[in-house]
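Residue numbers begin at 1 in each chain, while the letters A, B, ... track the order of the sequences. These numbers come from a predicted model, not from an experiment.
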Amino acid sequence: MSSDSVRVRFAPSPTGYLHVGGARTALYNWLFARHCGGKFILRIEDTDRTRYVPDSLPDLMAGLRWLGLYWDEGPEVGGDYGPYFQSDRLPFYQKYCDQLVAEGKAYRCYCTPERLDAMREEQRVNKQPPGYDRHCRFLTQKQIAEYEAEGCPWVVRLAIPTKGATEYDDLFRGHITVDNQQLDDLVLLKSDGFPTYHLANVIDDHLMGITHIMRGDEWLASVPKHVLLYQAFGWQVPVQAHLPTILDPSGKGKLSKRKKRIPGEPEMLTYVHEFKEAGYLPEALFNFLALVGWSYDGQTEYFNQSRLVEVFDLERVNKSPAAFSYEKLDHMNAEYIRSLGMNDLAGRMLQELLANGIKADLATVLDLEPLVRERMRTLKDLVPLVDTFFVDELDYDPQLLIGKKMDRESTLNMLAQAKACLSEVELFEEETIEEALRNQASVLDMGAGKFFAPIRVAVTGKTVSPPMFGTLKILGKERSLARLDAAYEKLSQS
RNA sequence: GCCGCAUUCGUCUAGGGGUCUAGGACAUCGCCCUCUCAAGGCGAAGAUCGGGGGUUCGAAUCCCCCAUGCGGUACCA
């Protein structure tokens, strides 16, 4: 196959928000398309009207775009193979379905939901394999006429061959054979006139010229049915490629679309927008997701987008399910944050602060940036690191000022010493501050760490903070001294 | 139940008959650096390659069986 004819699609249904599993599927399709110079198509499979979630579509598109997965054809973009919403393609499905019925490859089924339920119940009780009993497949012309005359609602089912086996190749799993006896006469067209996934998917993939179907593993079992459908239409079956499932961090189950809240465990993020809100960089998620089910050489793990496009190869996609490791993502995210350019990081920090109602300015953020860049796993870590810079008065327990093996008196004295010492510093720069404070510590014959501890608390309200000299410098002499004063006051009154 | 797929350190993986006394990464632990926390540097521990049979001079790598896990078995996708 010539590579420029590659056409792949991501075909979510608007029944929920963009999930990382879906994003990974989209990513692999996108990567493959870009690698081959092919087309990446977004198609919306909105055939289930009962599960439709109105704001899922904007979320889906925003999530894909946030990750940089722009589509060549689809909603808001257009293309020559539209419409790209299945709900706008009903006439196609009806037409092809009619054709199948006319050729005797599919048939109308008039069974009521009640009859189907009763049938399943009976199968369950008798421990028989579940499945449609093909009641309507062998109706006489007379019976059909009766049903039609009564205006009974009907669905269309595919007449699966009762003998033989269906075989196909999956790019990742190899050759798969399924006995046709295992297959059910699946519904193609629902009684509301909408197609099922199977019908719509097969018709659209064919009509849209899709060459490779790459999707989640949960579809693997329905491929034989699709193959039979392609054969019924006389169409060529696109290359099938089923991606391994993404497991939750325990490795015990599928990473659920619903949030599992395990007491004591951190919240499990599953939707792309949640990762965004939690302060992950899109480029980090992008890189991380690429590695869930694919590897380059077992050594290299960091790839930017263009490098990934260059190097991505379907042959190295894994076939076994992989647990989603939040710890590894965190590490990778931190790595990405650290590797950001100065202005880039500052820009993202500024956004994060603004989003949290902190009115910072770029100049200050630029000053802050070197103090915090190595201390953030996600952008969410920023606010607690720097919030003390943006308040007038610190609120903390004065007892925090008293360091280990220290008492109130000695701490008070240290605060006074620190203030006196800093007042003397003319040029309030990191180096001069450090020099003065270190001098003072040795004058007092104290370990530097011990002397700095109460100052840190006085100035930030916390025992853990960004580097102290830098903090003092950015705070400025006046505010720094005021905070030392305030600390002295607080402690002496406690 | 039936069908399908999967199975290498806790986790993600490298590995495609000998170079594997199984390599890398995250997490863990220790030491160093150090104003706290990080980051960084160095090092340690961690997998008899799910189990059992074969094939072969030789198997993590090929074949068979079993176990376990996951998925499917809808007028949901």
Side-chain angles (χ1 to χ4, degrees), chain A residues 11-16 45-48 50-51 109 111 113 116 120 123-124 127-132 153-157 170 172-174 176-179 181-184 186-192 194-198 200-201 216-224 242 244-245 247 249-254 288 291-302 316 318-332 334-335 338 372-377 381 385 403 434 437-438 441 447-453 455-457 460 462-469 471:
Chain A
S13 63
T15 53
E45 308 218 328
D46 54 347
T47 56
D48 185 350
T50 60
R51 294 203 308 156
C109 167
C111 291
L116 294 175
R120 286 194 194 98
Q123 288 167 339
R124 196 182 61 78
K127 301 203 166 148
Q128 291 169 328
Y132 180 56
W154 45 266
V155 302
V156 173
R157 288 182 185 271
D170 186 275
F172 305 141
R173 313 304 172 90
I176 296 172
T177 305
V178 175
D179 198 320
Q181 307 251 25
Q182 295 301 325
L183 272 20
D184 215 9
L186 67 154
V187 173
L188 262 23
L189 205 62
K190 303 184 235 181
S191 55
D192 63 2
F194 274 64
T196 58
Y197 171 82
H198 306 290
N201 197 261
D217 177 70
E218 67 271 22
W219 295 108
L220 189 60
S222 46
V223 177
H242 288 82
T245 318
L247 271 17
S250 71
K252 294 226 170 72
K254 202 173 162 180
F288 177 78
L291 259 16
V292 181
W294 175 87
S295 69
Y296 176 60
D297 57 4
Q299 272 341 304
T300 321
E301 298 194 301
Y302 287 85
R316 294 196 60 91
N318 261 237
K319 50 187 169 184
S320 49
F324 191 97
S325 170
Y326 290 91
E327 284 175 337
K328 191 146 186 173
L329 205 214
D330 280 353
H331 180 265
M332 187 168 266
E335 196 80 48
R338 274 179 248 128
V372 298
R373 80 182 297 142
E374 282 169 2
R375 273 161 259 261
M376 292 185 283
R377 283 173 4 270
D381 292 331
L385 240 23
E434 176 163 6
L437 253 18
R438 283 192 189 281
K450 197 171 237 183
F451 182 51
F452 297 160
I455 306 174
R456 177 187 312 283
V457 175
T460 64
K462 299 171 184 181
T463 53
V464 172
S465 80
M468 197 177 72
F469 309 119
T471 299

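With both ends at atom P, the span from G51(B) to U7(B) equals 14 Å, rounded to whole Å. With P as the reference atom, U48(B) and A60(B) are 12 Å apart, rounded to whole Å. A22(B) and C29(B) have their C1' atoms separated by 23 Å, with the value rounded to a whole Å. A67(B) and A27(B) have their P atoms separated by 38 Å, with the value rounded to a whole Å. Rounded to the nearest Å, the gap between the P atom of C5(B) and that of A47(B) is 32 Å. For G30(B) and C35(B), the C1' atoms lie 23 Å apart once the distance is rounded to whole Å. Comparing the P positions of A14(B) and G46(B) gives an interatomic distance of 23 Å, to the nearest angstrom. With P as the reference atom, U56(B) and C9(B) are 30 Å apart, rounded to whole Å.
Between F452(A) and F469(A), a ring centre-to-centre spacing shorter than 6.0 Å is recorded. Checked against the 6.0 Å centroid criterion, the rings of Y296(A) and Y302(A) do not qualify as a close aromatic pair.
Across all strands, A448(A) comes closer than 4.0 Å to no nucleic acid atom at all (heavy-atom distances). T50(A) comes within 4.0 angstrom of no nucleic acid atom, judged by non-hydrogen atoms across all strands. Among the heavy atoms of the strands, none lies under 4.0 Å from N201(A). Within 4.0 Å of R173(A), counting heavy atoms only, lie sugar-phosphate atoms of the nucleic acid but no base atom. Using a 4.0 Å heavy-atom distance criterion, R124(A) is classed as making no nucleic acid contact. Within 4.0 Å of P466(A), counting heavy atoms only, lies at least one base atom of the nucleic acid. Using a 4.0 Å heavy-atom cutoff across all strands shown, P113(A) reaches at least one base atom of the nucleic acid. Nucleic acid contact for K127(A): none, since no nucleic acid atom lies under 4.0 Å from a heavy atom of the residue. Residue S320(A) is in sugar-phosphate contact alone, with no base atom involved, counting any heavy-atom pair closer than 4.0 Å across all strands shown. Within the 4.0 angstrom heavy-atom criterion, no nucleotide atom of any strand lies near G216(A). Among the atoms of the strands shown, base atoms are found under 4.0 Å from some heavy atom of P129(A). Across all strands, S191(A) comes closer than 4.0 Å to base atoms (heavy-atom distances). Looking at heavy-atom distances under 4.0 Å, F469(A) makes contact with a base. Nucleic acid contact class of R157(A) (heavy atoms, under 4.0 Å, all strands): sugar-phosphate only.
Across the strands present, A14(B) finds no partner; the criterion is a Watson-Crick or G-U wobble pair with both atom distances under 3.5 angstrom. Across every strand in view, A67(B) sits in a pair with U7(B) that passes the Watson-Crick or G-U test at under 3.5 angstrom. Nucleotide C2(B) is matched to G72(B) when pairs are restricted to Watson-Crick or G-U wobble geometry with both distances under 3.5 angstrom. Nucleotide A59(B): unpaired (no Watson-Crick or G-U wobble partner with both distances less than 3.5 Å). Look at C29(B): its Watson-Crick or wobble partner, with both distances under 3.5 angstrom, is G43(B). Using the Watson-Crick or G-U wobble rule with both distances under 3.5 Å, U36(B) pairs with nothing in any strand shown.
Ring pair Y197(A)/W219(A) is parallel by interplanar angle, where below 30° counts as parallel and above 60° as perpendicular.
Without hydrogens or angle criteria, N318(A) side chain to S320(A) main chain gives no donor-acceptor distance under 3.5 Å. Under a 3.5 Å cut-off, the side chain of K190(A) and the backbone N or O of T47(A) do form a donor-acceptor pair.
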**OP:** Any chance you could lay out the side chain to side chain contact (heavy atoms under 4.5 Å, CB included) test for E301(A) and E335(A), step after step, and finish with the verdict?
**Re:** CA-CA 11 Å; E301(A) 298 194 301; E335(A) 196 80 48; over 6 Å; no
Original post:
Can you check ring pair (Phe, Tyr, Trp, His ring centres under 6.0 Å) on Y326(A) and F288(A), steps first, answer last?
Top reply: CA-CA 10 Å; Y326(A) 290 91; F288(A) 177 78; 8.2 Å; no
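For the pair E45(A) and S13(A), the tightest heavy-atom approach, listed with the atom from each and the gap, is O-CB, 3.2 Å. Scanning all heavy atoms of the two residues, the minimum distance from R373(A) to R338(A) falls at NH2-O, 3.0 Å.
Of the residues near RNA chain B, A453(A) and E218(A), the one whose nearest nucleotide (by heavy atom distance) lies more toward the 5' end is A453(A). With RNA chain B read from its 5' end, the first of the two nearest nucleotides for T177(A) and G449(A) is the one closest to T177(A).
Running 5' to 3' along RNA chain B, contacts with non-hydrogen atoms of chain A at under 4.0 Å begin and end at G1(B) to A77(B).
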